[in-house]
J.: 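What follows is a single structure, and I will ask about it in a moment.
Chain A is the first sequence line, chain B the second, and so forth, proteins listed ahead of strands; every chain is numbered from 1.
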2 protein chains.
Amino acid sequence: MTKLNPNGKAFTELVLEVFRLNGRLLEAGDRLTQPVGLSSARWQILGVVEHGPITVAHVARIMGLTRQSVQQTANSLEKEGLIEFLENPHHRRSKLMAMTPEGRKALDYTQEQHAVWANKIGEEHDLDCLRAAVDVLRQVSKSLSHE
Amino acid sequence: MTKLNPNGKAFTELVLEVFRLNGRLLEAGDRLTQPVGLSSARWQILGVVEHGPITVAHVARIMGLTRQSVQQTANSLEKEGLIEFLENPHHRRSKLMAMTPEGRKALDYTQEQHAVWANKIGEEHDLDCLRAAVDVLRQVSKSLSHE
DNA sequence: TCCATTATGACAGGTTCTTGTCAATATGAG
DNA sequence: CTCATATTGACAAGAACCTGTCATAATGGA
């Protein structure tokens, strides 16, 4: 029977905290976005599309999700007029997602709400500690990506 | 238009990293548990039940999930014989989840796999950094719980 | 050019978690 | 004891992810 060593134990605690925090963050995100008919998932995609027309598959790669998952959300965003699919000169089937004025408006609202919220929560914590934690999470993420 | 200050920006980056890491961890957990018919979600519940008979609602509170979500998973675990519902002397409707020998066997396997994996990943990172990150995540979680 | 490989969207089906509702069961104040 | 309130399990519906499969479209080597 293998036992957890100190590092293994600390990593395990990190895992549990990530799960718990993830839940709380999704909840907060949904609350932030709900007034304009968004949600955490839809907001994240809109936040990528904001930087310029991009394909579904590309967004999936950036966000670490599956193509199909992003496709579903994208289709739903299009149906509600928050994004539109533009012809892609480089690929006939793979259309480019682009923001519509309505999408822009919804995202503007959400980003404003987010900034207020993030500043408030951020100020409750030490800047260096926050940054150090981000670094650790990035390193761990990297560890997991090529295991 | 409110702008993100340094703390707000650092917190936002933390949020994005938590989302990304959460995905990777679920993936790893599913891989670990799949050989014995478990999954990340089922494993987590079994891991709580391991410490003694406990009600569905209590587990939900511990894990930060909804009652209904835990209930569904618990019902499915019972159907497959990994847990059983014992009569609760303190509450007629709220039965106590308890591990069966089969549940014990599945959990033993998974915990062994987990220990090997967690030790391996843990050793790729500095112990103090891991612990500091856990602390930050706990603090942030706490910030969010009473906002 | 031809063809194997890869990338993509569409579709089907499944898991996990969510919200909302309901009836049954504690619990506690008066 | 009584009754409002809180807790609980069951059930339904939906969101957001997943895997697998398929046909179509792009790509790159022979």
J.: Round to the nearest Å and state the distance from H90(A) atom NE2 to dA26(D) atom P.
T.: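 Roughly 12 Å, once rounded to whole Å.
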
J.: Between R61(B) and T66(A), name the one whose nearest nucleotide on DNA chain D is closer to the 5' end.
T.: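 Of the two residues, R61(B) wins.
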
J.: Answer with yes or no whether R93(B) presents, from its side chain, a donor or acceptor under 3.5 Å of a partner atom in the base of dT25(C).
T.: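 Between dT25(C) and R93(B), which were checked side chain against base, a qualifying N/O pair under 3.5 Å is absent.
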
J.: Which part of the nucleic acid, if any, lies within reach of S39(B) when heavy atoms closer than 4.0 Å are counted: base, sugar-phosphate only, or nothing?
T.: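 If one applies the 4.0 Å heavy-atom cut-off, S39(B) turns out to touch the sugar-phosphate alone, with no base involved.
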
J.: Applying a 4.0 Å non-hydrogen cut-off, can you work out what T73(A) is touching in the nucleic acid: base, sugar-phosphate, or nothing?
T.: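 Sugar-phosphate: the residue T73(A), judged by heavy atoms under 4.0 Å, touches backbone atoms but no base.
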
J.: When the distance from CG of N22(A) to P of dC17(C) is rounded to whole Å, what number comes out?
T.: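 Interatomic distance, CG of N22(A) to P of dC17(C): 11 Å.
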
J.: Report the nucleotide, chosen from dC17(D), dG9(D), dC17(C), that has the shortest atom-to-atom distance to any side-chain atom of A41(B).
T.: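 The closest nucleotide is dC17(C).
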
J.: Please name the pair of heavy atoms, one in D128(B) and one in D126(B), separated by the smallest distance, quoted to 0.1 Å.
T.: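 Here D128(B) and D126(B) meet closest at N-OD2, 3.2 Å.
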
J.: Please pick, from dC11(C), dT18(C), dT8(C), the nucleotide with the shortest atom-to-atom distance to any side-chain atom of Q68(A).
T.: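 Nearest listed nucleotide: dC11(C).
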
J.: Would you kindly give the CG-to-C1' distance between L38(B) and dT16(C), to the nearest whole Å?
T.: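 So the CG-C1' distance, L38(B) to dT16(C), works out to 15 Å.
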
J.: Tell me the interatomic distance from L77(B), atom CG, to dC17(C), atom P, rounded to whole angstroms.
T.: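 These atoms are roughly 11 Å apart.
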
J.: Can you figure out which of dC17(C), dA10(C), dC18(D) approaches the side chain of N75(A) most closely?
T.: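 Closest nucleotide among those given: dA10(C).
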
J.: Strictly below 4.0 Å, N to O, side chains only: are K95(B) and E84(B) in salt-bridge contact?
T.: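 Salt bridge absent between K95(B) and E84(B).
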
J.: Just the rounded figure in Å: distance from C1' of dC11(D) to CD of Q72(B).
T.: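 So the CD-C1' distance, Q72(B) to dC11(D), works out to 9 Å.
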
J.: Rounded to the nearest angstrom, tell me the gap between atom NZ in K79(A) and atom P in dA16(D).
T.: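 It is 13 Å, rounded to the nearest whole Å.
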
J.: Does a side-chain N or O of H91(A) approach OP1 or OP2 of dA25(D) to a distance below 4.0 Å, or not?
T.: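 False: H91(A) side-chain N/O out of range (4.0 Å or more) of dA25(D) OP1/OP2.
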
J.: Send over the distance from D30(A) CG to dC17(D) P, rounded to a whole Å.
T.: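 In whole Å, dC17(D) P and D30(A) CG are 10 Å from each other.
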
J.: Please confirm whether F11(B) and W117(A) have ring centers closer than 6.0 angstrom.
T.: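 When the ring centroids of F11(B) and W117(A) are compared, they turn out to be within the sub-6.0 Å range.
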
J.: Quick one: on DNA chain D, does G64(A) or T55(B) contact a more 5' nucleotide (nearest heavy atom)?
T.: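 By nearest-heavy-atom nucleotide position, the 5'-most residue is T55(B).
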
J.: Under 4.0 Å between any heavy atoms, over every strand shown, what does S94(B) touch: base, sugar-phosphate, or nothing? Just pick one.
T.: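 Sugar-phosphate: the residue S94(B), judged by heavy atoms under 4.0 Å, touches backbone atoms but no base.
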
J.: What's the NZ-P distance between K95(B) and dT25(C), to the nearest Å?
T.: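 Checked: the NZ to P distance equals 11 Å.
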
J.: Would you kindly say whether H91(B) and T55(B) are connected by a side-chain donor-acceptor distance under 3.5 Å?
T.: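 There is no such pair (donor and acceptor under 3.5 Å, judged by atom type) between the side chains of H91(B) and T55(B).
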
J.: Answer yes or no: is there an ion pair linking R131(A) with E13(B), defined by an N-O contact shorter than 4.0 Å?
T.: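 Result for this pair is no, no salt bridge flagged.
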
J.: With a non-hydrogen cut-off below 4.0 angstrom, is V70(B) in contact with a base, only sugar-phosphate, or nothing?
T.: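 The answer is nothing, as V70(B) stays clear of every strand by at least 4.0 Å.
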
J.: Just checking R92(A): base, sugar-phosphate only, or nothing, at a heavy-atom cut-off of under 4.0 Å?
T.: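 The residue R92(A) makes sugar-phosphate contact but no base contact.
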
J.: I'd like to know if R92(A) pairs up with E87(A) as an ion pair, taking the criterion as any Lys NZ or Arg NE/NH1/NH2 lying under 4.0 Å from an Asp or Glu carboxylate oxygen.
T.: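 Result for this pair is no, no salt bridge flagged.
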
J.: Considering heavy-atom distances to DNA chain C, does I45(B) or V56(A) have its closest nucleotide positioned more toward the 5' end?
T.: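 Upstream on the strand: V56(A).
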
